[in-house]
**Q** 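Supplied in structure tokens, the structure appears directly below.
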2 protein chains.
Amino acid sequence: MSTIAKAMHLLNTLADMRMEPGLTDIATASGMDKATTRRMLVELSRFGFVEQDLLTRRYRLGSAPVRLARIREQRYPFASIVAPFARELVATTGETVHVSEPAGDRLATVHVEMSDYTHRVIIDPGQLLPLHATASGLAYLSTLGPAELEATFATPLTAFTAATATSTDQLRERLNEGRRLGYCISEGGYEAGVMSAAAAILDAKGRARGTIAVAGPAMRVDRAKLEEFGAHAAEIARSIERALWGTQKTGQDRHGRTEWMTAERSKTRAISQS
Amino acid sequence: MSTIAKAMHLLNTLADMRMEPGLTDIATASGMDKATTRRMLVELSRFGFVEQDLLTRRYRLGSAPVRLARIREQRYPFASIVAPFARELVATTGETVHVSEPAGDRLATVHVEMSDYTHRVIIDPGQLLPLHATASGLAYLSTLGPAELEATFATPLTAFTAATATSTDQLRERLNEGRRLGYCISEGGYEAGVMSAAAAILDAKGRARGTIAVAGPAMRVDRAKLEEFGAHAAEIARSIERALWGTQKTGQDRHGRTEWMTAERSKTRAISQS
DNA sequence: AAGCTGAGGTTCAAATAATGAACCAGTAAG
DNA sequence: CTTACTGGTTCATTATTTGAACCTCAGCTT
């Protein structure tokens, strides 16, 4: 395991921990040695990624990510452009909406708009979603070419609930359905009782830059409603694309099946993750 | 140099580069070997800190920092709480206001509110500011105890302009002035022609958690105006503190001279950066 | 078409950095 | 006083990182 991977793992661990943990807590949670953990925390703190309360000696996420996030959003204003559309989708569906971006081999939730219902799905901003078990993840996968899908199929597909698609055949089936409809659905595939529908947000070249999803409790949301939500999500996704990349038409079809078929640049993958 | 430090350096380099650079550009800019640079970019991309455009093969900041920033802001909502106060300060002073947080050995600008003047100071959100040469940096340093100041005095003080304080005596003088007034000023100490005044934002224990600064062009802002701005900034800083930590009084004085004098927990520094 | 040039990406012996069991010190409870 | 936790540190051992040289591809010049 590379040192960087360990540092990132530590950062993720820290991000996932409820409140301000001490050194031992973090070492336990991340499964690393206490000495190693501390060395990394110190090193990360030198760059502001981690902060330590000098009195309680507990650690927390630092402000460096806030700075990087600002730069990222300035150059590539995804979350901020997408926010009003997410609100619109909450207004039409009544359910919680979340917007995610690809981050490594998962999706990172970068924006959440809560439903007004008292009984609603609550999504933590910043949650990391698995690709094969969530509507968002499926919507994302459905835009990928066969070569890019290999990486996902290669790793074991964790079953989060009984409804999770764990075989590659099931998954392929769902992705095909998603490509056909323009959106993907998950009926409690990640968390039991949570129904969701999601559509991918594509860039000018048909590559998925993010997803937008509607999620509601099974008590209120049935299959029919989910299909309705999916259609709305796909519609909003098109609006977001127009806002992000302008209105000019490009050659690709609605489901982004262009690049990997037409423009495979060379045999070697640009970022190979062996 | 530790691997993590190199990775962070790379991330900072990438953040500072104007647009999407290629591998060689990044290697040159960061002063690292091409192979090393690439390995790190790949590793960082696995966690979403860096993204590569698969067609142009150029690299950019990824969305992982956005995720971490959301979590950080949720737990410790500095930037979002501070924003309306920054706007208020723009309204009263007419000049550009920026809010920074400590990030390692510098200050990271986490929020900027622009002046309405056509001729105004433009500050990039995400800029990293040196501690000894900016009003914000001085305001921050002025809250530290002698032990904590050592680290800054130990490193050579870069002269950005003729007005930069480069001797420890000059610096100590300015910090004393800052403690007396409750704000610090910089008359072109970082960039010629930019006048600025800043006040530290303290937590309940008197430790600086950030700074708020007003910056205007020398053409319009003279020493007298700067003092006025400083007073306003200090006032707003107090309001921000009330918003952040509630209204309950704590024992420390207005300039935060408590903790390091009364509660030095032990001989060993909590985070020693040797 | 042959020959450059410079891009991104890769290799492997050599150099360097990370590791972790055992350690110290402080603190709080019994 | 003892016990059992903290957070933090040490240093011989071990594993990772390094970078000069290399490859391949695309675009440009002759």
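Here is the naming used below: chain letters follow the sequence lines, and residue numbers restart at 1 for every chain.
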**Q** What is the separation between atom CG on Leu10(A) and atom P on dA18(C), rounded to the nearest whole Å?
**A** 14 Å
**Q** If only side-chain N and O atoms of Arg38(A) are considered, is one of them under 4.0 Å from the OP1 or OP2 phosphate oxygen of dG7(D)?
**A** no
**Q** Identify, with sequence neighbours excluded, every residue that meets salt bridge (Lys or Arg N to Asp or Glu O under 4.0 Å) alongside Arg106(A).
**A** none
**Q** In whole Å, what is the span from the NZ atom of Lys34(A) to the P atom of dA18(C)?
**A** 19 Å
**Q** Among Thr28(A), Thr24(A), Ile26(A), find the one that has a side-chain contact (heavy atoms from CB on, under 4.5 Å) with Lys34(A).
**A** Thr24(A)
**Q** Can you find a side chain N or O atom of Tyr59(B) that sits less than 4.0 Å from OP1 or OP2 on dG9(C)?
**A** yes
**Q** In a check of side chain to side chain donor-acceptor pair (under 3.5 Å) between Glu20(A) and each of Arg57(A), Arg60(A), Gln52(A), which one passes?
**A** Arg60(A)
**Q** How many whole angstroms separate atom CD1 of Ile26(B) from atom P of dA7(C)?
**A** 13 Å
**Q** Under 4.0 Å between a side-chain nitrogen and a carboxylate oxygen: does that hold for Glu43(B) and Arg46(B)?
**A** yes
**Q** Can you tell me how far P of dA25(C) sits from CZ of Arg57(A), to the nearest Å?
**A** 15 Å
**Q** Tell me, for nucleotides 13-19 of chain D in 5' to 3' order, what letter each nucleotide earns: B for a base near a protein heavy atom under 4.0 Å, S for only sugar-phosphate near one, - for neither?
**A** ---SSBB
**Q** With a 4.0 Å cut-off, would you call Arg70(A) and Glu73(A) a salt bridge?
**A** no
**Q** Starting at CD of Glu43(A) and ending at P of dA18(C), how long is that distance when rounded to a whole Å?
**A** 8 Å
**Q** For the pair made of CZ in Arg58(A) and P in dG7(D), what is the distance, rounded to whole Å?
**A** 7 Å
**Q** By ring pair (Phe, Tyr, Trp, His ring centres under 6.0 Å), which residues pair with Phe160(B), not counting sequence neighbours?
**A** His132(B), Tyr190(B)
